[in-house]
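Below: one structure, written as C-alpha cells.
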Amino acid sequence: MTLLTVRTALIGAALLLTVVHRASAQQNSQTLLEGAARQIQLGNYQSAVDLIEPALKKQPNNPELWNLLGIAKTELRQSVAARSAFERGLRLAPNSVSLHENLGLLFYREGDYPKAKKFLSDSVALGSDKPGVLFSLAAARLRTGETQRALADLRSLETPLANVSAYWDERGRAESLENSVAAEKSFARALELQPDDVTALNGAASAAERQNLDEKALSYLIKARQVHPDDVLTLAHFGSVCIHRDLGLDAVDALTRAHRLAPSNNSVLFLLARANVSLSNWQAAHDLFSEFSKRVPAYAPAYYARGWVDVKLDRTADARLQFQHCLQLDSRFTDARFELAQLELNDGNLEIAHRLLVTVLQEKPHHAEATLAMGDLLMRQGDLRGAETYLQTAVRQAPKLAAAHYKLSMLYFRTHRAKEAESEKTIAAQLNTEASRASKTQLKLILPQSDLAQ
C-alpha cells in the first residue's frame, strides 16, 4: 500500500524543524544535533546513527537525540529500533509534537493505522499543522472506518497538496466509497501529475467499473500493465475485469503471470481458477480451486466452485460432497443448495429436490434457475398448471435463459398449444446459438507494438 506522507521529504525535513532549531545549553550538544540532522537531510542515515549513539551514552536523557535516532532508524527500515527510540524520547518529553508526529508516521508506514491515528491525533492536538501529518492522519482515519471525517480532512488539504499525486490517490480512494465519478476525477488529476502512477491507474479503473464502464476500466489497466508489467495488483485487477468481460484468454494470461510472480497470493490463485472456468479448462480450474481450499480451508465459495466444476467433469458424487461441505461452512449459501437440488432432480429424487428448492426460493425468490427447476419438477409430477406458473415466471425473471424457454415449449406441446410451443422453442434455439457462438469467440487483447515500445 502506498505510503502517503509525501515520502522522505516529510519525514526527513519537515519533521525535523522543531528539533534543529531548538536551543541547547551547551554549544557542542547543539552542534551535534545540527550535524546529525544534516546527515539525515542528506540521506546519510547510518552516519547520523554513528553520531547519535555515542552521544546518547553521555546524554541518555536528551529527547532530541532519541528523536533523531528514531528518524534515522526509520529511514534504515529498522522499525523496532526506531519505535523504541521514539518511545524513549516520549517518556522524557511527553508533550513533544515532533516525537508524536514521527512515531505516528512510523506506525502508518508499518500499516498499524489505529496506533498511527492515535499519535498523529495527539500531535495535532499539541499544535502540529504540517500538511504531511494532517494528510497521514486523514489516511489513517480512512483505513480505520472514519470515511466521512477522512474525506472532509482531505478536502481541506487541497490547497497545500494540490500538486502532490499521492494526495489525489488518497482522495480518490476515499471518494470511491461513495462517488465513483468524483473518484475518477481525483485519480485523473493524480495521473496528470504522474502519468505512470500505478495506484491512480488502478483506482481510476475501479471507479470506471463501478460506473459500468468496463471498456474504460480496461484502457486504464492496459496502460498500467504497459508501465508496470510485473505489478501483481495490476495483473490481478486486469484479470478480474477480463473475466467479467468474457475475455478468458486475457484473464488467464495476466493471472498466470501474477501467480508466477506471487505464488503465495491466494486472491490471485482463486482468480486464476475462475479464469480457467471461463475457458472451460475444467480440470485445471478444479486443481487450482483445490489448492486454494488447502490454503484457505474455511472459505465456502471455493467448495461451491469445486462442486460446480465436478458437475462439469461428470463427478456428481464428488460434487455433492463439495456442495454439502460448502453449506456446512455457510448454511445460507443458496447457490450450493440449488446445485444439490439440481443433482437430486437429475437423479429422480423429486421429494428431496422439492424440499431443497422450496428453501432456495424462500431465500432467493427471484432465483430464475430454481424457479425453472421447480417448474420442471412439477411437470414431471404431472402438475402442469403449477409447472406453467413457475416456467412463465422463470422466463420473466431471466428472458435470456434458453432452458426456461425450452421447458416452457415442452409444456405448451403437452397442453396442445402448438403455436406458443413453437415460438418458445424458436426462442430457445436462438438463445442457445448465441451462447454457443459467444463461447467460441474467446477474444485476446493484443497491445500494439508501438504501445509496448513506449
Side-chain angles (χ1 to χ4, degrees), residues 243 248 269-364 367-383 387 390-391 394 397-398 400-408 410-411 428 431-432 435-436 438-440:
I243 291 171
L269 178 62
F270 192 88
L271 282 171
L272 180 56
R274 177 66 185 83
N276 273 278
V277 167
S278 71
L279 291 179
S280 301
N281 295 334
W282 307 126
Q283 189 58 56
H286 192 278
D287 293 344
L288 291 164
F289 281 130
S290 296
E291 175 60 27
F292 180 90
S293 293
K294 291 177 184 176
R295 299 185 189 184
V296 190
Y299 189 63
Y303 295 94
Y304 168 76
R306 288 172 64 181
W308 193 87
V309 175
D310 275 327
V311 171
K312 294 296 183 181
L313 292 168
D314 293 323
R315 299 197 293 237
T316 56
D318 291 337
R320 186 176 275 103
L321 291 174
Q322 300 299 340
F323 293 137
Q324 289 171 344
H325 189 62
C326 173
L327 288 167
Q328 287 173 359
L329 293 170
D330 182 357
S331 62
R332 298 287 292 179
F333 205 113
T334 304
D335 286 341
R337 197 182 321 279
F338 165 71
E339 294 295 342
L340 279 174
Q342 190 65 59
L343 288 175
E344 299 295 350
L345 183 60
N346 293 342
D347 287 346
N349 301 321
L350 302 188
E351 186 176 339
I352 298 174
H354 187 273
R355 288 201 301 269
L356 290 167
L357 289 172
V358 167
T359 303
V360 169
L361 290 172
Q362 287 173 344
E363 294 172 349
K364 287 188 176 181
H367 196 299
E369 290 83 357
T371 304
L372 165 61
M374 184 65 87
D376 185 19
L377 186 152
L378 293 176
M379 189 158 58
R380 294 190 194 190
Q381 293 178 329
D383 182 359
Y390 277 100
L391 293 175
Q397 291 173 336
K400 292 188 177 183
L401 184 59
H405 290 279
Y406 179 72
K407 289 289 184 181
L408 186 55
M410 291 177 60
L411 184 140
L431 291 171
N432 275 324
S436 178
S439 69
K440 293 177 181 177

Would you mind reporting whether [Y] and [X] have side-chain heavy atoms less than 4.5 Å apart?
{"X": "R315", "Y": "H286", "answer": "yes"}
{"X": "Q342", "Y": "N346", "answer": "yes"}
{"X": "Y304", "Y": "Y299", "answer": "no"}
{"X": "D310", "Y": "L321", "answer": "no"}
{"X": "V296", "Y": "F270", "answer": "no"}
{"X": "V277", "Y": "I243", "answer": "no"}
{"X": "N432", "Y": "Y406", "answer": "no"}
{"X": "N276", "Y": "W282", "answer": "no"}

Looking at the rings of F333 and Y303, which for Trp means the six-membered one, are their centres under 6.0 Å apart? no

Residues which pass ring pair (Phe, Tyr, Trp, His ring centres under 6.0 Å) with Y390, listed by chain and number, not counting sequence neighbours: none

Determine whether the side chains of H354 and E351 contain a donor N or O and an acceptor N or O closer than 3.5 Å. no

Applying side chain to side chain contact (heavy atoms under 4.5 Å, CB included), run through L343 and V311 and close with a yes or a no. CA-CA 9 Å; L343 288 175; V311 171; 4.2 Å; yes

Hey, could you give me the [atom1]/[atom2] distance between [X] and [Y], rounded to the nearest 0.5 Å?
{"X": "R306", "Y": "D287", "atom1": "CZ", "atom2": "CG", "result": "10.0 Å"}
{"X": "L401", "Y": "L391", "atom1": "CG", "atom2": "CG", "result": "10.5 Å"}
{"X": "D347", "Y": "T316", "atom1": "CG", "atom2": "OG1", "result": "6.0 Å"}
{"X": "Q283", "Y": "K312", "atom1": "CD", "atom2": "NZ", "result": "15.0 Å"}
{"X": "Q328", "Y": "C326", "atom1": "CD", "atom2": "SG", "result": "9.5 Å"}

Less than 4.0 Å between a side-chain N and a carboxylate O, is that true for E363 and R337? yes

In residues 367-377, what donor-acceptor pairs under 3.5 Å come from side-chain atoms, sequence neighbours left out?
residue: H367; atom: ND1; partner: A370; partner atom: N; Å: 3.1
residue: H367; atom: NE2; partner: D335; partner atom: OD1; Å: 3.0
residue: T371; atom: OG1; partner: H367; partner atom: O; Å: 2.9
residue: T371; atom: OG1; partner: Q397; partner atom: OE1; Å: 3.0
residue: D376; atom: OD1; partner: K407; partner atom: NZ; Å: 3.4
residue: D376; atom: OD2; partner: R380; partner atom: NH2; Å: 3.4

Check S278 against G248 and note the closest heavy-atom contact, atom names and distance. OG-CA, 3.5 Å

Of the options T359, L357, I352, which is the one that meets R355 in a side-chain contact (heavy atoms from CB on, under 4.5 Å)? I352

Pair Q322, D318 - check side-chain hydrogen bond (donor to acceptor under 3.5 Å, both in side chains), show working. CA-CA 6 Å; Q322 300 299 340; D318 291 337; over 6 Å; no

